[in-house]
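Below is one structure, written out as structure tokens, with a few remarks after it.
Residue numbers begin at 1 in each chain, while the letters A, B, ... track the order of the sequences.
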Number of protein chains: 2
Amino acid sequence: MAVTIKEVAKAAGVAPSTVSRVIADHPRISPATKKRVKKAMKEMGYHPNANARNLANRSTQSLGVVMPSSADKALQNPFFPEVLRGISAVAHELDYSMLLCTGETDEEMLEAVKRMVFSNRTDGIILLYSQVDDPIMEFLLEQDFPFVIVGKPAARVDEITHVDNDNIRAGKEITNHLIGMGHECIAFIGGSEDRIVTIDRMRGYELALEEAGLPYLDEYRIHTEFLKSGGRQAVHELFALPKPPTGIVIADDLMSIGVVNMLEEFGKRVPDDISIVSFNNVYLSEITRPPLTTVDIHIHGLGSQAAKCLIEKVKNKEEPSKRIIVPFDIKYRSSTKAIKPQLEG
Amino acid sequence: MAVTIKEVAKAAGVAPSTVSRVIADHPRISPATKKRVKKAMKEMGYHPNANARNLANRSTQSLGVVMPSSADKALQNPFFPEVLRGISAVAHELDYSMLLCTGETDEEMLEAVKRMVFSNRTDGIILLYSQVDDPIMEFLLEQDFPFVIVGKPAARVDEITHVDNDNIRAGKEITNHLIGMGHECIAFIGGSEDRIVTIDRMRGYELALEEAGLPYLDEYRIHTEFLKSGGRQAVHELFALPKPPTGIVIADDLMSIGVVNMLEEFGKRVPDDISIVSFNNVYLSEITRPPLTTVDIHIHGLGSQAAKCLIEKVKNKEEPSKRIIVPFDIKYRSSTKAIKPQLEG
DNA sequence: CTGAAAGCGCTAACAA
DNA sequence: TTGTTAGCGCTTTCAG
């Protein structure tokens with residue numbers, strides 16, 4: 001059995017409460033006893049028991065992190081380890097621990113979250129995704145349990161604290177990059193339309209086209225769960241169009257890699273025959289061929305900001321809801337190329 | 001404040017201890033009261049407080065998971081979300097929660113682990129890596145704290161419970177695949193030589209060459225932290241050799257992607273000019289170009305087995321140390337090609 | 001089969 | 001500035 005506060009107290013010749021005060025770095029305590037107690041703690045190898053502390057404090061000093069259901073392959077996205085690092089950085093600094101939560105199905109996840117909340121295992125929750133009609137979010141809202149979203153809530157945007165990029169603007173800027181290079185037929189490929197991030201990035205794409213007076217055909221937009229089977233077909237159809245695109249905006253680096261490969265299968269070379277831009281700037285996008293021009297969304301920052309907000313919120317229930325926009329920047333690499341002027345006839 | 005055991009007891013007209021027994025599904029309790037208590041629990045929306053329980057039980061019902069230091073980019077490897085899923089699956093099933101632990105530097109991580117252990121936040125720890133002279137492992141050993149390794153320990157293999165693939169055999173088999181296709185000059189590219197997994201996979205590679213009576217030159221072996229700068233140079237040198245390789249065994253799918261791209265930069269095409277095989281079978285290896293022939297190490301299984309072993313160990317301190325070998329299989333895709341017979345002179 | 005009571009290790013009034 | 005004393009919410013002897 002580990003050494004307890006009582007034993008330290010006895011050894012230092014003080015009351016347990018005094019030791020407790022030393023631990024909490026209470027102001028009104030004489031330097032002398034403080035020193036003496038600290039010495040005893042060190043000598044005896046004392047470490048406060050988190051459970052006991054938390055029970056007495058009615059807190060847990062831990063943050064729950066919910067990764068999306070692992071049903072889809074998207075979970076293998078390097079985005080996740082990276083946000084986790086961001087969260088971990090500030091959690092660690094502020095002495096919180098991270099409770100991770102995943103599951104195969106949505107029900108399983110909801111159940112896991114409920115357990116975390118009801119059994120008082122966590123002070124607050126970070127949702128690493130945002131989608132329409134998310135039962136987990138609804139549950140949290142209903143319980144009035146502190147949480148923040150990495151991404152943008154599907155509704156009640158002003159009531160829910162979230163950390164996001166300005167994905168609309170990012171979508172617009174990256175599309176403008178293509179437009180600036182002379183592209184006029186630009187397609188969009190994204191994941192599920194339930195994910196807010198997809199919606200926003202596509203919105204930016206649309207705005208850019210609109211402002212430039214370029215056409216945005218329905219046939220230019222593809223939503224595919226995650227490439228493979230269905231995706232291949234869709235991409236193929238893109239090039240059967242009367243005016244096939246010369247540029248594509250893709251909602252995620254990982255998808256880009258798949259698309260680039262499909263394209264080459266169909267005999268299209270990136271960037272010579274077709275230009276590609278995407279989002280996230282995961283490590284992979286640098287080492288792929290060609291290296292991807294992509295929006296660096298500062299994943300780590302998303303995570304650390306989310307953790308910061310959540311902790312503030314946990315500490316102060318009255319903390320107003322916030323919206324933190326993490327800046328992005330564009331990494332220009334070699335997946336795009338200025339379009340060759342088309343010779344008529 | 002949430003409803004407590006006392007309130008339930010009062011409502012059901014029994015003592016708190018009786019409620020506690022119902023929660024624990026104690027055998028000696030009359031069906032009548034059991035039913036009555038359950039009803040009250042349900043009606044009042046009672047959920048036991050984990051902290052209080054754990055304090056009384058001196059346990060935490062949670063597993064610590066240590067991801068390697070995020071100093072290197074390797075952390076973005078999709079391997080991690082995937083093991084995490086595996087661990088999560090059994091943790092969830094057995095009603096454990098997962099405490100995640102990372103850090104920028106090795107010292108930071110050691111500190112974080114110490115805190116988890118000393119403050120009694122976790123019952124046991126899973127190490128998601130294995131390297132020589134790992135201070136975290138040494139600490140755990142010293143404290144006699146339950147832990148298991150995903151991978152193979154650098155030393156004291158029989159004393160430390162671990163879950164691993166037979167990486168030596170996997171290395172051998174995948175190399176044999178290349179040999180079987182007529183390749184005679186085969187190189188190896190791996191990460192840090194401190195990582196046991198690299199060592200083992202390379203050992204398998206060596207054994208295969210040896211058995212086949214093929215040369216394995218020092219110049220055929222490259223160890224590079226993670227591609228980029230140094231790696232490019234190294235790969236370049238490979239082809240400056242008098243007998244450049246026609247096949248490469250690469251220790252990780254992610255590295256493969258980088259290597260394939262470098263290769264093509266140098267004008268070598270995979271698999272036409274050079275064949276490539278690697279390890280892990282992360283999702284990416286399917287969608288890359290060409291799709292990679294790779295060893296499927298069953299990442300999910302590694303995670304779930306590790307969690308299972310750890311929980312056994314936590315429940316029973318006397319549990320003997322084990323070595324679980326998760327089977328692998330090879331996914332044959334199109335990054336390899338039988339070698340063209342060389343015409344003399 | 002059930003209840004009373006002590007205690008897990010710590011914190012936080014309230015006194016002194 | 002420090003000690004005393006009640007808990008935090010649950011489990012677990014020990015009686016009955």
If you take any heavy atom closer than 4.0 Å to DNA chain C, which residues from residues 37-46 of chain B end up in contact? none
Is the shortest distance from a Lys or Arg side-chain nitrogen in Lys114(B) or Glu111(B) to a carboxylate oxygen in the other one below 4.0 Å? no
DNA chain D contacts made by residues 14-21 of chain A, counting heavy atoms under 4.0 Å: Val14(A), Ala15(A), Ser17(A), Thr18(A), Arg21(A)
Please list, chain by chain and in numerical order, all residues satisfying side chain to side chain contact (heavy atoms under 4.5 Å, CB included) with [X], sequence neighbours excluded.
X         : result
Ser30(A)  : Ala32(A), Thr33(A)
Ala24(B)  : none
Arg156(B) : Leu141(B), Glu159(B), Ile160(B)

Please collect all ring pair (Phe, Tyr, Trp, His ring centres under 6.0 Å) contacts where either partner lies in residues 84-115 of chain A, sequence neighbours excluded, each pair once. none
Ignoring backbone atoms, test whether Thr33(A) places a side-chain nitrogen or oxygen under 4.0 Å from the OP1 or OP2 oxygen of dT2(D). yes
Could you work out, with salt bridge (Lys or Arg N to Asp or Glu O under 4.0 Å) as the rule, every residue matching [X], not counting sequence neighbours?
X         : answer
Glu43(A)  : Lys39(A)
Glu319(B) : Lys322(B)
Asp106(A) : none

With His47(A) via ring-ring contact (aromatic ring centres under 6.0 Å, His included) - residues at least two apart: Phe118(B)
Could you tell me whether Ile29(A) contacts a base, only the sugar-phosphate backbone, or nothing, with contacts defined as non-hydrogen atoms closer than 4.0 Å? sugar-phosphate
Pairs touching residues 119-136 of chain A that satisfy salt bridge (Lys or Arg N to Asp or Glu O under 4.0 Å), sequence neighbours left out: none
Please give, in whole Å, the distance from dG9(D) C1' to Asn120(A) CG? 10 Å
Can you tell which of dG9(C), dT2(C), dT12(D) lies closest to the side chain of Asn57(B)? dT12(D)
Closest of dC10(D), dC1(C), dT1(D) to the Ala52(B) side chain is dC10(D)
Note down the inter-axis angle between the two ends of the helix from dC1(C)-dG16(D) to dA16(C)-dT1(D), five pairs each, to the nearest 10°. 40°
